[in-house]
There are 2 protein chains.
Amino acid sequence: MAFSIKEASERLGCPAPTIRYYEKEGLLPYIQRDKHGNRQFEQEHLDWIRLMTCFRATGMKMSVLKRMVNLALDGDSTIPQRKAILNQYKEELFVRQRELAEALDAVNNKLAIYEDIEKGRVVSESAMLAQMEVQQQSIKR
Amino acid sequence: MAFSIKEASERLGCPAPTIRYYEKEGLLPYIQRDKHGNRQFEQEHLDWIRLMTCFRATGMKMSVLKRMVNLALDGDSTIPQRKAILNQYKEELFVRQRELAEALDAVNNKLAIYEDIEKGRVVSESAMLAQMEVQQQSIKR
DNA sequence: GCTTGCCTTAAAGTGCGCTTTAACGCTTAG
DNA sequence: CTAAGCGTTAAAGCGCACTTTAAGGCAAGC
């Protein structure tokens, strides 16, 4: 039960050229070919691509994915290194969470100020000044 | 009370060339020059740059920042449009929050599986297979 | 037999957000 | 007087992650 690249692409919502590119970059070892040289994706490959997509969407670089693949190819003895990579990535995720929370805070603040202006509760001296005022209130925590 | 580009750069932890680049791209209107043509940053400019940095770090594109600046320059009548942009950005922040949560889940799952392998609770058939097993467990929610 | 539709590859192109370079000017300290 | 240290500009370069293009191969249906 193997998938063509088109099927893989459809199931993953990921363009076929991108999948080929990942393989070329060494992120997808062990993909077999049929007698015509066409790639045959197994469910495990789709799962791995999905995980990579998840990690990529949250800031993991391809070079890091590649290091993980290479370590995996070297066997279980590299598990400590892989754990270290994942733990570092996890820290980055926490940083991003804080960044998101801050941005959410700032955007809510700016929205609230716009409402104030709309309801005439705040006099906006000039367009740019209004812009600036927003900062001062939303940035200083 | 104005700042030189060097002072601005130091206070913001943002390279001076980046600040110049932002001005060139129209993200920083109204920056005055002294008699030598040197930029004079006011506190409001620093605050605005800081806010832009916050938004940029969480995925807002420069083109969106530029649209907001242009709208702000057109006065209070554009506040509804600016609100719309911010509300859309807010939705994107929520998407990113979900992506982060998913990634965090997946990484914790993978870490747990590595621990299992290390403690011999799981037999890893091959390096790549181990890699794949992780996916199946961490992805299917 | 020929078009359609899938696949292949290598290589070039794209978009974004900086970052670096090069060439130059002003001002202050030694 | 000159070197250090700040500023300026336009233009080129870079890193990343794709994306597109070009040229071709195989197989099924009309």
Side-chain angles (χ1 to χ4, degrees), chain A residues 2-42 45-46 48-69 89 92 96 99 103, chain B residues 2-42 45-46 48-69 89 92 96 99 103:
Chain A
F3 306 104
S4 72
I5 196 161
K6 199 190 180 206
E7 290 166 332
S9 166
E10 281 162 359
R11 272 156 205 266
L12 296 168
C14 176
T18 302
I19 298 176
R20 290 195 191 98
Y21 167 67
Y22 285 170
E23 194 203 13
K24 200 177 61 178
E25 293 301 305
L27 266 41
L28 291 172
Y30 292 147
I31 293 206
Q32 302 303 314
R33 305 298 183 107
D34 66 12
K35 58 187 171 189
H36 304 306
N38 293 1
R39 291 170 184 82
Q40 292 190 299
F41 294 87
E42 304 296 331
H45 296 119
L46 302 198
W48 173 230
I49 295 169
R50 215 187 291 278
L51 186 68
M52 289 199 295
T53 302
C54 168
F55 283 1
R56 291 266 324 104
T58 50
M60 182 178 281
K61 301 211 169 172
M62 284 187 42
S63 58
V64 177
L65 285 171
K66 186 159 186 196
R67 269 195 288 135
M68 294 216 301
V69 168
Y89 168 56
E92 290 166 24
R96 272 163 225 277
E99 288 170 346
Chain B
F3 306 105
S4 72
I5 196 160
K6 198 189 181 210
E7 289 165 332
S9 166
E10 282 163 357
R11 274 158 203 264
L12 296 168
C14 175
T18 301
I19 299 175
R20 290 194 190 100
Y21 167 68
Y22 284 170
E23 194 204 13
K24 199 176 60 175
E25 293 301 305
L27 266 41
L28 291 173
Y30 293 146
I31 295 207
Q32 302 303 314
R33 304 299 182 107
D34 68 11
K35 59 188 170 188
H36 303 307
N38 293 359
R39 292 172 185 81
Q40 291 190 299
F41 294 87
E42 303 297 331
H45 296 119
L46 303 198
W48 173 230
I49 295 169
R50 215 187 290 278
L51 186 67
M52 288 199 294
T53 302
C54 169
F55 284 0
R56 290 268 323 105
T58 50
M60 183 177 281
K61 301 212 169 171
M62 284 186 46
S63 58
V64 177
L65 286 171
K66 185 157 188 198
R67 269 197 286 135
M68 294 217 301
V69 169
Y89 167 56
E92 289 166 24
R96 271 163 225 278
E99 287 171 345

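Numbered from 1 within each chain, the chains take letters A, B, ... in sequence-line order. Only this structure's heavy atoms are used, side chains among them; waters, hydrogens and symmetry mates stay out.
With contacts defined as side-chain heavy-atom distances shorter than 4.5 Å, the pair A:Leu65/A:Tyr22 does not qualify. Within the 4.5 Å cutoff, side-chain heavy atoms of A:Leu12 are placed close to those of A:Leu46. Between A:Met68 and A:Tyr89 the shortest side-chain heavy-atom distance does not fall below 4.5 Å. Annotation: side chain of A:Ser4 is in contact with side chain of A:Glu7 (closest heavy-atom distance under 4.5 Å).
When the P atom of C:dC18 is taken as reference, atom CD1 of B:Ile49 falls 12 Å away, rounded to whole Å. A:Ile5 places its CD1 atom 13 Å from the P atom of C:dC6, with the value rounded to the nearest Å. We find that OH of B:Tyr22 is positioned 14 Å from P of C:dC16, with the value rounded to whole Å. Rounding to whole angstrom units, CZ of residue B:Arg56 and P of C:dC16 are separated by 11 Å. The distance between atom CZ of A:Phe3 and atom P of C:dC7, rounded to the nearest whole Å, is 14 Å. The separation between A:Tyr21 atom OH and C:dT14 atom P is 17 Å, rounded to whole Å. Atom C1' of nucleotide C:dG17 and atom CD of B:Glu23 are separated by 17 Å, given to the nearest angstrom. Atom NZ of B:Lys66 is separated from atom C1' of C:dG17 by 14 Å (rounded to the nearest Å).
Atom CG of A:Leu27 is separated from atom OG1 of A:Thr18 by 12.0 Å, given to the nearest 0.5 angstrom. Of the inter-residue distances, the one linking B:Glu99 atom CD with B:Glu92 atom CD reads 10.5 Å to the nearest 0.5 angstrom. Rounding to the nearest 0.5 Å gives a distance of 9.0 Å between CG of B:Leu28 and CZ of B:Arg39.
Note on A:Arg20: a base of the nucleic acid sits closer than 4.0 angstrom, heavy atoms only. Within 4.0 Å (heavy atoms only), A:Ser4 reaches sugar-phosphate atoms of the nucleic acid but no base atom.
For B:Lys24 and A:Asn38, each mapped to the nucleotide of DNA chain C holding its nearest heavy atom, the one lying further toward the 5' end belongs to A:Asn38. Each of B:His36 and B:Met62 was matched to the nucleotide of DNA chain C holding its nearest heavy atom; the match closer to the 5' end belongs to B:Met62.
Here the range on DNA chain D touched by chain B, meaning any atom under 4.0 Å from one of its heavy atoms, is D:dC6 to D:dT9.
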